[in-house]
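Report on the following structure.
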2 protein chains.
Amino acid sequence: MFSKTCEYAIKACIYIASQSLVQKRVGIKDIAQAIESPEAFTGKIMQVLSKNHIVDSVKGPHGGFEIPESAMKEKKLAEVVRAMDGDDIFKSCGLGLKECSGANPCPLHRQFAKIRADITKLLETTTLFDVATGLADGLTFLKR
Amino acid sequence: MFSKTCEYAIKACIYIASQSLVQKRVGIKDIAQAIESPEAFTGKIMQVLSKNHIVDSVKGPHGGFEIPESAMKEKKLAEVVRAMDGDDIFKSCGLGLKECSGANPCPLHRQFAKIRADITKLLETTTLFDVATGLADGLTFLKR
DNA sequence: TCAATAAAAGATAAAAAAGTCTTTTATTGT
DNA sequence: ACAATAAAAGACTTTTTTATCTTTTATTGA
Ligand code: FES
Ligand code: FES
């Protein structure tokens, strides 16, 4: 569904958001621990998220990453996915045809179009705030 | 969604099925041409499909692959997917947690579970016959 | 029986994804 | 100013996926 990189990115964002809810800035080590990701690789991913203005990064002592509450209420999961995996999941053919089109449909076009629309809706409507609260409340988990 | 290998496999099966509908056995070259896949790689994929009894293979002159009409009415797309990609798509967590479980749900568990169920239903209920007819009738396509 | 045909099997190769290590840059508090 | 901290940037390595090439095995029909 998503690349490993994208999975890490989504989890990292949710974790950062949940910590930002209690005014805590988190470092790469914290993140890697919280989402069970390799530390150095997580650093690379954070660079992309930071460049795409999905998270705010602060260098130096007491630095780290954060997502202001106002921002996390705006940022959709779709933005994270697009930053990491591009928009393949939103528009490409499930059987890998060069382009998905009703005019030249693959044998599963109708069914896939429905599923893709569901995925798109989920990602385009869910904000980081939406998912961060469940984590903060201990209702959902990012590892195990 | 699926690996490239799996996409080729699904398309190959659909093509073979559609040709079997008109009593035509097809070779690797035909298949590779019909689904725009690399020929040698397609051969490898056919080995797996053949070993998993998803297609029948015949060596020698006039040999090739076929799927008897009775068989294609039984074979579900899910069998093809399982043979190539395993059952990850049917059961694993969308965010990559070691296992998907309601007891230890990731923040997107409920939404993913729904989408996964839809995908599963599609793959478990659609037979090769179902999709082969659309192709045979020129309503659907495997390339472009 | 033997030449031609076509898939199976095996050994590599190339490309992409995932992951690591080292150096640089920015920030902070003393 | 400067030592310590932490992310950014860059160069690399490893693993997995995708793809190719060669050899072997089975089948056919002349
Ligand atoms: S053409 Fe394949 S999903 Fe639309
Ligand atoms: S735990 Fe993630 S989808 Fe179920």
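Note on naming: letters A, B, ... go to the chains in the order of the sequence lines (proteins, then strands), and numbering restarts at 1 for each one. Everything quoted here is computed from the prediction, not taken from an experiment.
Between A:Ser50 and D:dA7 there is no side-chain N or O to OP1 or OP2 distance below 4.0 Å. For D:dG10, the OP1/OP2 oxygens have no side-chain nitrogen or oxygen of A:Lys44 closer than 4.0 Å.
No donor-acceptor pair closer than 3.5 Å links the side chain of B:Asp56 to the backbone N or O of B:Phe65.
In this structure, NE2 of A:His62 is placed 7 Å from C1' of C:dT28, rounded to the nearest angstrom. One atom, CD of A:Glu7, and another, P of C:dA18, lie 9 Å apart when rounded to the nearest Å. One interatomic measurement links the two molecules: CD of B:Gln47 to C1' of C:dA11, which rounds to 13 Å at whole-angstrom precision. The separation between A:Lys59 atom NZ and C:dT27 atom C1' is 9 Å, rounded to whole Å. Atom-to-atom, CZ of B:Phe65 to C1' of C:dA6 comes out at 9 Å; the value is rounded to the nearest Å. Here the C1' atom of nucleotide C:dT25 and the CE atom of A:Met46 are 18 Å apart, to the nearest Å. For the pair A:Glu66 CD and C:dT27 P, the interatomic distance rounds to 14 Å; values are reported in whole Å. Atom CG in B:Asp56 sits roughly 18 Å away from atom P in D:dA26 (whole-Å rounding).
In this structure, a donor-acceptor pair under 3.5 Å is absent between the side chains of B:Ser101 and B:Asn104.
Applying the side-chain hydrogen bond (donor to acceptor under 3.5 Å, both in side chains) test between A:Glu36 and each of A:Lys11, A:Lys143, A:Arg144 identifies A:Arg144 as the sole match. For the side chain to side chain contact (heavy atoms under 4.5 Å, CB included) criterion with A:Pro107, the lone passing option out of B:Thr126, B:Ile14, B:Ile10 is B:Ile14.
A distance of 4.0 Å separates SG in A:Cys6 from CG in A:Asp85, rounded to the nearest 0.5 Å. Taken to the nearest 0.5 Å, the CZ atom of A:Arg25 stands 12.0 Å off from the CD1 atom of A:Ile16. Within the model, atoms CG of A:Leu108 and CZ of B:Phe2 stand 7.5 Å from one another, a figure rounded to the nearest 0.5 Å. Put simply, NZ on B:Lys73 and CG on B:Leu128 are 12.5 Å apart, with the number rounded to the nearest 0.5 Å. A distance of 10.0 Å separates CG of A:Asp88 from CZ of A:Arg116, quoted to the nearest 0.5 Å.
When each of A:Ser3 and A:Arg25 is assigned the nucleotide of DNA chain C bearing its nearest heavy atom, the one mapping closer to the 5' terminus is A:Ser3. Remark on DNA chain D: of its neighbouring residues B:Thr5 and A:Val26, the 5'-side contact belongs to A:Val26, judged by nearest-heavy-atom nucleotide.
For A:Ser57, the listed nucleotide lying nearest its side chain is D:dA7; candidates were D:dA7, D:dT27, C:dT27.
By the 30° and 60° cut-offs, the orientation of the rings of B:Tyr8 relative to B:Phe41 is perpendicular.
Residues of residues 8-15 of chain A that place a heavy atom closer than 4.0 Å to DNA chain D do not occur. Only A:Pro38, A:Ala40, A:Phe41, listed by number, bring a heavy atom of residues 29-43 of chain A to less than 4.0 angstrom from any atom of DNA chain C. For DNA chain C, no neighbouring residue in residues 81-90 of chain B is found when judged by any heavy atom under 4.0 Å.
A:Arg82 has a carboxylate O that lies under 4.0 Å from a charged side-chain N of A:Glu124, or vice versa, which qualifies the two as a salt bridge.
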**Derivation of the side chain to side chain contact (heavy atoms under 4.5 Å, CB included) call for A:Ile31 and A:Ile35** = CA-CA 6 Å; A:Ile31 298 169; A:Ile35 71 175; 4.0 Å; yes
